[in-house]
Amino acid sequence: KNVLEARPEQLRTVSGIGEKTANMIAAFIPVMNAWSRRAGEQLKQITNRNELERYCKSILSGNRNEEFWVICVDARCRLLGKRRISIGTLSECSTYPRSVVETALNYNAHSVFLTHNHPGGTCAPSAEDIQSTVRLQKTLNDIGILVLDHIIVAGDKTYSFAQHGDMDFRR
């Protein structure tokens with residue numbers, strides 16, 4: 001895991017690893033992420049939390065910085081599209097309500113799923129994660145769009161806000 005997630009300059013410090021080998025190893029995770037995103041795009045409808053969590057992992061696993069995404073669905077949870085709202089640092093990522101609302105409206109979404117990653121490895125939401133989710137939920141609900149869940153991805157683990165009671169998707 002550490003080797004595959006290392007930057008080329010880190011890999012070159014290992015005896016016997018030259019520039020070409022370091023670049024090839026460092027390219028492995030981005031290539032696998034692209035493949036995983038393509039595989040996730042084949043999903044047409046989200047019918048349960050396990051599918052949602054797998055889909056969120058396909059979007060976010062292996063990213064070195066936090067990213068925040070919106071997944072738009074129709075009234076039957078058929079995928080309309082997804083959009084990355086922001087890219088942050090290793091430990092934080094901004095959420096922009098205007099961009100989230102714009103994305104949902106552009107896709108004519110009935111509902112959305114929110115997702116972001118924690119590259120540091122822990123799924124637990126921060127107080128800011130919870131506050132921003134509640135704010136986004138209120139903002140979207142005011143214009144008739146439901147936030148069904150917010151999934152945090154950390155490696156192969158996930159955290160569901162709805163499942164843990166950090167938000168009420170029925171609002």
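Heavy atoms only: backbone and side chains are in, while hydrogens, waters and symmetry mates are out. Starting from 1, each residue takes its place in the sequence as its number.
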Check: To the nearest 0.5 Å, what is the distance between CD1 (Ile151) and CD (Glu53)?
Finding: 5.0 Å

Next item on the list: Please report the shortest heavy-atom distance between Ile71 and Ile46, naming the atom on each side.
Entry: CG2-CD1, 4.4 Å

Item checked: Same cluster (ILVMFWY, side-chain, under 4.5 Å), Val101 and Tyr96 -> yes

Next item on the list: State the CE-CG distance between Met167 and Leu114, to the nearest 0.5 angstrom.
Entry: 7.0 Å

Check: Yes or no on side chain to side chain contact (heavy atoms under 4.5 Å, CB included) for Tyr107 and Val70, after CA distance, side-chain angles and deciding distance?
Finding: CA-CA 11 Å; Tyr107 281 106; Val70 176; over 6 Å; no

Margin query: Are Tyr159 and Asp166 packed together at the side-chain level, in the sense that at least one heavy-atom pair is separated by less than 4.5 angstrom?
Written below: yes

Notebook entry, point to check: Between Asp149 and Ala162, is there a donor-acceptor pair closer than 3.5 Å when you use the side chain of the first and the backbone of the second?
Noted result: yes

Next item on the list: Can you establish whether the number of heavy atoms outside Gln10 located under 6.0 Å from its atom CD is more than 12?
Entry: yes

Check: Say you draw a straight line from CG of Leu105 to CD1 of Ile145; how long is it, rounded to the nearest 0.5 Å?
Finding: 4.5 Å

Item checked: Distance-minimising heavy-atom pair for Gln45 and Glu51 -> O-OE1, 3.2 Å

Notebook entry, point to check: Looking at Val147 and Asn141, what are the two nearest heavy atoms and their distance?
Noted result: N-OD1, 4.1 Å

Check: Do other residues, nucleotides or ligands put more than 12 heavy atoms under 6.0 Å from the CG atom of Asn106?
Finding: yes

Notebook entry, point to check: If you measure from CH2 on Trp69 to SG on Cys56, what distance do you get to the nearest 0.5 Å?
Noted result: 10.5 Å

Check: Pairs in or reaching into residues 124-146: which pass salt bridge (charged side-chain N to carboxylate O under 4.0 Å, His left out), with residues at least two apart or in two chains?
Finding: Glu128-Arg135, Lys138-Asp142

Note to self: For residues Val14 and Leu11: do they belong to one hydrophobic cluster (side chain heavy atoms under 4.5 Å, members Ile, Leu, Val, Met, Phe, Trp, Tyr)?
What the structure shows: yes

Checklist line | Nearest non-hydrogen partners of Thr133 and His150, listed with the distance | finding: OG1-ND1, 2.7 Å

Note to self: If you compare all heavy atoms of Ala22 against all heavy atoms of Pro8, which two are closest, and at what distance to 0.1 Å?
What the structure shows: CB-O, 3.6 Å

Next item on the list: With rounding to the nearest 0.5 Å, note down the distance linking CG in Leu140 to CG in Leu148.
Entry: 10.5 Å

Margin query: Has Ser86 got a side-chain atom pairing as donor or acceptor with Cys93's backbone, closer than 3.5 angstrom?
Written below: no

Check: Is there a donor-acceptor contact under 3.5 Å from the side chain of Lys57 to the main chain of Asp156?
Finding: yes

Note to self: Once rounded to the nearest 0.5 Å, what's the spacing between atom OG1 of Thr139 and atom CZ of Arg98?
What the structure shows: 13.0 Å

Notebook entry, point to check: For the side chain of Asn63 and the backbone of Asn65, is there at least one donor-acceptor N/O pair under 3.5 Å apart?
Noted result: no

Next item on the list: Identify the heavy atoms of His118 and Glu66 that sit nearest to each other, and give their distance.
Entry: CD2-OE2, 3.5 Å

Notebook entry, point to check: For Ile152 and His116, what are the C-alpha separation, side-chain angles and deciding distance, and is it a side chain to side chain contact (heavy atoms under 4.5 Å, CB included)?
Noted result: CA-CA 5 Å; Ile152 296 175; His116 79 281; 3.4 Å; yes

Margin query: Is there a side-chain contact between His110 and Leu146 in this structure, where contact means two heavy atoms from C-beta onward sitting under 4.5 Å apart?
Written below: yes

Check: Ile143, Leu80: one ILVMFWY side-chain cluster at the under-4.5 Å cut-off?
Finding: no

